[in-house]
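When reading the values below, keep in mind they use all heavy atoms of this one structure, side chains included, and skip hydrogens, waters and symmetry mates.
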Amino acid sequence: MREVDQALSRAFAMKATAADEPPAPHRPTRGAAAARPSRIFRPTAEPPSSALVWPEIVAVLESEWGDRFVQMGDRVLEAREKAGVRVLLFTSRHRAEGRSTLVLTLARALARRPLRTLVVDADLTGPMLARSLGLRPRVGLDDVIEEGADLDDAIVESAADNLWVLPMRSAVARPRDFLASAEWTCAMARLRREFDLVLLDGSPLFAGLSAAVLHSSVDAAVLVHGRDVTGGRSIERAREVLEGAGVPLLGLAETFA
């Protein structure tokens, strides 16, 4: 994997330090920033640590439906052992179907296992994980891919939760180019090597996510749908888009959103 690490080390223009402000959904993409030489990739650098502030709904779901998330975690681990699924995409047909809440609750269930689990905010058109977890990142996945920032500076470790988070700070102007870039491919290759499970909280299908360029980065997908939001025809269409792009569908997850 030396070629991957060398690719990550290439020099890119760095973005000027952003204001200390959490991301908001559909926030306009940032403008051009003053350029400066990039830092060299440090494979042994310690990730920043931070306490996560969990949404109240996660605690409610754990209390009332915790066994369901344990079962879902068991299925994910079974897929990892039997089919080599390490990078799992969570997507939906629409917004407001409970996708991010489901990912966070599942991540907490998996974090109770002796695993290194990483949650990645890959909702390129409406990143929300940082705000949901009370984080104010100065570096995000968008900075890593678009500005050449150090991946170590973007990954947040919560030792108390046995969980790692890779947030985004801003929405992406060109999601397809973002996912098709060498920087995305290299970053995902490194995350695949360093973590036991990588959970991608992706954009809704047809709202910025190009499944066609994701097939080489993810191993499988879970399609999240709200029973009162997405009907059977839309679910079937989303299934066709994923499978047509070479992304195996691991399963459907119904929410009450």
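The closest donor-acceptor contact from the side chain of Ser203 to the backbone of Leu124 lies under 3.5 Å. A donor-acceptor distance shorter than 3.5 angstrom exists from the side chain of Asp142 to the backbone of Arg169, with no hydrogens or angles considered. A donor-acceptor contact shorter than 3.5 Å links the side chain of Asp121 to the backbone of Leu129. In this structure, the side chain of Arg192 engages the main chain of Ser217 through a donor-acceptor pair within 3.5 Å. The closest donor-acceptor contact from the side chain of Asp143 to the backbone of Gly140 lies under 3.5 Å. Side-chain atoms of Arg116 come within 3.5 Å of backbone atoms of Glu194 as a donor-acceptor pair (strictly under, hydrogens ignored).
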Arg176 vs Ser181, test: side chain to side chain donor-acceptor pair (under 3.5 Å). Steps then yes/no. CA-CA 9 Å; Arg176 184 178 181 86; Ser181 68; over 6 Å; no

If you apply the rule side-chain contact (heavy atoms from CB on, under 4.5 Å), what do you find for Leu118 with Leu197, and how did you get there? CA-CA 6 Å; Leu118 171 71; Leu197 283 171; over 6 Å; no

Stepwise, does the side-chain contact (heavy atoms from CB on, under 4.5 Å) test hold for Leu252 with Ile235? CA-CA 9 Å; Leu252 301 176; Ile235 292 173; 4.1 Å; yes

Apply the test side-chain contact (heavy atoms from CB on, under 4.5 Å) to residues Val165 and Ile155: give CA-CA distance (whole Å), side-chain angles for both, the deciding distance (0.1 Å), then the verdict. CA-CA 6 Å; Val165 178; Ile155 297 175; over 6 Å; no

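The two residues Ala220 and Val247 make their nearest non-hydrogen contact at C-CG1, 4.1 Å. Shown here for Met168 and Leu141, the closest heavy-atom pair between the two residues is CG-CB, 3.8 Å.
The closest side-chain heavy-atom distance from Asp219 to Leu88 is not below 4.5 Å. Considering only heavy atoms from C-beta on, Val144 stays 4.5 Å or farther from Asp150 through its side chain. The shortest distance between side-chain heavy atoms of Leu133 and Pro55 falls below 4.5 Å. The shortest side-chain heavy-atom distance between Val119 and Leu200 does not fall under the 4.5 Å cut-off. Side-chain contact check for Val87 versus Phe195: every heavy-atom pair is 4.5 Å or farther apart. You'll find the side chain of Arg112 stays beyond 4.5 Å of the side chain of Asn162, heavy atoms only.
When each of Arg80, Arg75, Lys82 is tested with Glu78 by the rule side chain to side chain donor-acceptor pair (under 3.5 Å), just one qualifies, namely Lys82. Exactly one residue among Thr91, Leu89, Val103, Thr101 makes a side-chain contact (heavy atoms from CB on, under 4.5 Å) with Asp201. That residue is Val103.
Here the CG atom belonging to Leu163 is positioned 11.0 Å from the CG atom belonging to Leu115, to the nearest 0.5 angstrom. Atom CG of residue Leu106 and atom CD of residue Glu62 lie 10.5 Å apart, to the nearest 0.5 angstrom. Note that CG of Leu110 and CG of Leu199 are 6.0 Å apart. Values are rounded to the nearest 0.5 Å. To the nearest 0.5 angstrom, Arg95 atom CZ is 9.5 Å from Met128 atom CE. Put simply, CG on Asp161 and OG1 on Thr117 are 11.5 Å apart, with the number rounded to the nearest 0.5 Å. Within the model, atoms CD1 of Ile57 and OG of Ser100 stand 13.0 Å from one another, a figure rounded to the nearest 0.5 Å.
Heavy atoms from other residues, nucleotides or ligands lying under 6.0 Å from CD of Glu236 number more than 12.
A donor and an acceptor atom, one from each side chain of Ser158 and Trp164, are nowhere located under 3.5 Å apart.
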